[in-house]
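Working notes, structure below.
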Amino acid sequence: MESAIQTSPAKRWWQLVLALLLSLSLGCAWADPPGRVARVSELNGEAWLFDVESKEWLQLGRNHTISEGDRLRTDPGARMALRIGSSSLWVDERSDIEFSQLDDERIELRVDQGSLALRLRNAESAAETRLRTREGRFSFEREGFYRVDALDRGSRALSWQGRMRFESRDGGDARPVWLDANEQAEFWWANGPRAERQRLEVDAFTDWALARSRSDGEAISYRYVSPEMTGAEDLDRYGRWENAPDHGPVWIPVQVAPDWAPYRDGRWVWSRHWGWTWVDDAPWGFAPFHYGRWVHYRARWCWVPGRYVARPVYAPALVAWVGGGAVSVGISIGSRHDYPHYGWFPLAPREVYRPSYHHSPAYVQRLNPEADPVTVLNPNGSVNKPVYRNRDVVGAVSTLAPQPGGALRPAPWRDAQVPLRPVPQAPGRQELPPLPVANLPERRGPVFDAPRPTRESRPDRNAGEAPRSVIEREQQREQQREPVPRELPRREPERGIERSSPVPLMPQPVPQVLPQRELGAPRSAIEREQQREQQREQVREPVMREPARMPERMPERAIERAQERPQERQSERGLPMRSAQPMPPSAPPAARAEERPQRKAADEPPRRQDGRPQRNND
């Protein structure tokens, strides 16, 4: 008895340790996947996603789900549009971005290369969104249209509408920089944070993003679903809304085949967060396959979004799996063996979706806000066998069937003789073959498959000869930032001769020390004037040889200059200089004609009576 009393504290201590370990393990197992995701809404060209598990680049297609930790790249000439709830993002060519955080609390992207434009449509989305580059972090104060570029020489931010804030990467004493509407700035790091405001520029990528931003107006679908439901913006263009007596508002697609069924035209893609995720081929095929339920109403399939939820939770595919051994079909793929096939069909309203990935009980309640409690538990606590209404609809079940050429594609299951039984959980990664992107050639990876730059491997903006001072570093950086030549030739206005030496556009510092006199320099004013005259003659000689380039009044100017030179020489020698007589104003042509005979008579010699000139010896 005493020994039991003595060992009881030790037992309690071990029990506490075991309980703590169990709680930690359960907490890790119940780590819920993110409830908010991004969607590839438009793709021009080829884009890629890096699979962390397989260490390979996977080719992206429309309606592909982008989640936390995904890294994206675009090929040269490619552009991609993303959608996260009501927020739109546009990625330019040769871009490399990564979703560092994407959940219900925050959206944080890292832009390592290229350009990213985004449209934030409400204050809540603006407060939850962050962008990072090598130079610092960008945050947004209100809704608006913004763009951030990751350049080799720094980061550039543009704000067309709204207000954004930049904070340096190391913080410290650096003050944040604010950009209001129609402002642009560039940020770099040169022994500290630097910022420069510039004129707002618009290029082809900006025009492309702005055109798509204006096309997103207020949708009719937002009366029935939340704008934060990713993919709801495309419902108005491809379907119509009706009210069903038993289900409330339902959405009906208008461009589908007569034998079409949900979760058939698309492919399964493996995700590390959710397992097998459905990617539909239809342009509207995102929201109806990751939210809500489907019902076969009036001989057609209708999507039921359920009651209005401000921020619904994303699901990889709201389907129930059937098959196992009963659906296994022998297909010869290289050798004779049974290839396992799985079937699936859409869940009906109020049917429970049971995730096969790690989750918490609260997560299941968020996924099934309108679940029927009778299909979950009996009053005595035992689990009921679920009853699926869509399983009995003709053509509702889809399976992977071989197509011409050997490829496997989803197809309707039409063998009514084979019984279908529910599968307790979704198939594993090796139990379904990966399917290529529809209508795109298969490739191994992006064109510019370069490693992501790190702080150690990033190019040095001051590469080359190391500057010796801060001023030299700034001058070297200005040369890198200004591709336009800083010097242009200047044309001589008087003689039309282009100087060979360029004239700097920026004022140069004037030396304060006078240059010393070189050997052989003239020692008097007369010698200096003679030397200047020789220089003038050397310049004037080639001009006189080309009369076509000579100005109209060049001879008169040369005569006037020749008359002024003796007076200048006399003034330098100290001789008295003649007073310059003012030139009379030029007379009209008639007056000059009258004066011409009088000047001629005064200059003629005296004549004799016979009219001949009189000589001196006469």
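Predicted model, so just to flag it, every value in this text is computed and none were measured.
- The aromatic rings of Trp301 and His296 sit perpendicular, their planes meeting at an angle over 60°, well past the 30° parallel limit.
- Under a 4.0 Å N-O distance rule, the pair Arg264/Asp259 does not qualify as a salt bridge.
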What's the verdict on side chain to side chain contact (heavy atoms under 4.5 Å, CB included) for Thr133 and Val148, showing C-alpha distance, side-chain angles and the deciding distance? CA-CA 9 Å; Thr133 61; Val148 174; 3.8 Å; yes

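- To the nearest 0.5 Å, the span separating CG on Leu116 from CG on Asp96 amounts to 11.5 Å.
- Summarising the geometry, atom OH belonging to Tyr224 is positioned 13.5 Å from atom CH2 belonging to Trp251; distances are rounded to the nearest 0.5 Å.
- What you find for Val111 and Ala150 is that their closest heavy atoms are O-CB, 3.6 Å.
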Run the side chain to side chain contact (heavy atoms under 4.5 Å, CB included) test on Asn390 and Leu347 for me, step by step, so that the C-alpha distance in whole Å, both residues' side-chain angles and the decisive distance to 0.1 Å come before the verdict. CA-CA 7 Å; Asn390 290 335; Leu347 292 176; 5.7 Å; no

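- Under a 3.5 Å cut-off, the side chain of Arg311 and the backbone N or O of Asp104 do form a donor-acceptor pair.
- Shown here for Asn44 and Glu42, the closest heavy-atom pair between the two residues is ND2-OE2, 3.7 Å.
- Counting only distance, with no hydrogens or angles, the side chain of Ser221 and the backbone of Leu235 share no donor-acceptor pair below 3.5 Å.
- Side-chain contact check for Val309 versus Tyr291: every heavy-atom pair is 4.5 Å or farther apart.
- Note: Leu102 CG to His273 NE2 = 8.5 Å, rounded to the nearest 0.5 Å.
- Counting heavy-atom neighbours within 6.0 Å of Glu105 CD, excluding the residue itself, gives a total of 12 or less.
- Residues Leu72 and Glu98 are not in side-chain contact: their nearest non-hydrogen atoms beyond the backbone lie 4.5 Å or more apart.
- Of the possible polar contacts, none joining the Gln365 side chain to the Ala362 backbone as a donor-acceptor pair under 3.5 Å is found.
- Atoms OG and CZ, on Ser95 and Arg73 in that order, are 10.5 Å from each other to the nearest 0.5 Å.
- Glu93 places a side-chain N or O within 3.5 Å of a backbone atom of Gly77 that can act as its donor or acceptor partner.
- Using a 4.5 Å cut-off on side-chain heavy atoms (C-beta onward), Ser125 and Glu228 make contact.
- Inspection of the Arg94 and Thr74 side chains reveals no N or O donor paired with an N or O acceptor under 3.5 Å.
- Shown here for Gln425 and Val423, the closest heavy-atom pair between the two residues is O-CG1, 3.0 Å.
- Interatomic distance, OG of Ser100 versus CD of Glu68, reported as 8.5 Å (0.5 Å rounding).
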Could you go through Asp51 and Arg429, starting from their C-alpha distance and side-chain angles, then the distance that decides it, and tell me whether this counts as salt bridge (Lys or Arg N to Asp or Glu O under 4.0 Å)? CA-CA 14 Å; Asp51 188 1; Arg429 184 170 189 177; 3.1 Å; yes

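- One finds a salt bridge joining Arg83 and Glu233 here, because a Lys/Arg side-chain nitrogen approaches an Asp/Glu carboxylate oxygen to under 4.0 Å.
- Side chain to side chain, Trp48 and Asp75 meet the donor-acceptor criterion of an N or O pair below 3.5 Å.
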Any chance you could lay out the side chain to side chain contact (heavy atoms under 4.5 Å, CB included) test for Val37 and Ile84, step after step, and finish with the verdict? CA-CA 6 Å; Val37 297; Ile84 308 176; over 6 Å; no

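- For Tyr263 and Phe345, the distance between ring centers is not under 6.0 angstrom.
- Salt bridge status for Arg39 with Asp234: present, with a side-chain N to carboxylate O gap under 4.0 Å.
- The closest side-chain heavy-atom distance from Leu43 to Met80 is below 4.5 Å.
- Contact of the Trp160 side chain with the Val202 side chain is registered, since non-hydrogen atoms from C-beta on lie closer than 4.5 Å.
- Within the 4.5 Å cutoff, no side-chain heavy atoms of Asn243 are placed close to those of Val250.
- For the pair Asp112 and Arg134, the tightest heavy-atom approach, listed with the atom from each and the gap, is O-NH1, 3.2 Å.
- Atom OG1 in Thr277 sits 8.5 Å away from atom OH in Tyr357 (nearest 0.5 Å).
- Heavy atoms only, all atoms of each residue included: Gly292 and Leu318 are closest at O-CD1, 2.9 Å.
- With 3.5 Å as the limit, one finds a donor-acceptor pair spanning the side chains of Asn122 and Ser86.
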Stepwise side-chain hydrogen bond (donor to acceptor under 3.5 Å, both in side chains) check, Tyr388 with Glu351: CA-CA 7 Å; Tyr388 299 106; Glu351 292 181 353; over 6 Å; no

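- Using a 30° and 60° split on the angle between ring planes, Trp274 and Tyr314 fall in the perpendicular class, above 60°.
- Taking 4.5 Å as the limit, every side-chain heavy atom of Asp149 sits out of range of all side-chain heavy atoms of Ser155.
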What verdict does the ring pair (Phe, Tyr, Trp, His ring centres under 6.0 Å) test give for Trp270 and Trp278, after you've listed the backbone C-alpha separation in whole Å, the side-chain angles of each residue and the deciding distance to 0.1 Å? CA-CA 9 Å; Trp270 183 263; Trp278 180 256; over 10 Å; no

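- Here the options are Arg121, Arg212, Arg119, the test is side-chain hydrogen bond (donor to acceptor under 3.5 Å, both in side chains), and the partner is Ser88; only Arg121 passes.
- A distance below 6.0 Å separates the ring centres of Trp260 and Trp294.
- Below 30°, between 30° and 60°, or above 60°: for Phe286 and His290 the angle between ring planes is between 30° and 60°, a tilted geometry.
- Contact between Trp57 and Arg71 at its shortest, heavy atoms only, is CZ3-O, 3.9 Å.
- A donor-acceptor contact closer than 3.5 angstrom links the side chains of Asn368 and Arg293.
- For the residue pair Gln255/Tyr238, the side-chain donor-acceptor check at 3.5 Å is not satisfied.
- No donor-acceptor distance shorter than 3.5 angstrom exists from the side chain of Glu242 to the backbone of Pro249, with no hydrogens or angles considered.
- Less than 6.0 angstrom separates the ring centroid of Trp90 from the ring centroid of Phe145.
- Contact annotation: the side chain of Arg130 never approaches that of Leu109 to less than 4.5 Å [non-hydrogen atoms, C-beta and beyond].
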Begin with the C-alpha distance, continue with both residues' side-chain angles, and end with the deciding distance and a verdict on ring pair (Phe, Tyr, Trp, His ring centres under 6.0 Å) for Trp276 and Trp268. CA-CA 6 Å; Trp276 289 110; Trp268 292 101; 7.2 Å; no

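- Between Phe140 and Tyr146, the ring planes lie tilted relative to each other; the angle falls in the 30° to 60° range.
- One N or O on the side chain of Asn63 and one on the backbone of Asp280 form a donor-acceptor pair closer than 3.5 Å.
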If you apply the rule side chain to side chain contact (heavy atoms under 4.5 Å, CB included), what do you find for Asp246 with Val295, and how did you get there? CA-CA 11 Å; Asp246 299 334; Val295 62; over 6 Å; no

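- Cation-pi check for Arg79 over Trp208 is met; the charged atom lies under 6.0 angstrom from the ring centroid and within 45 degrees of its normal.
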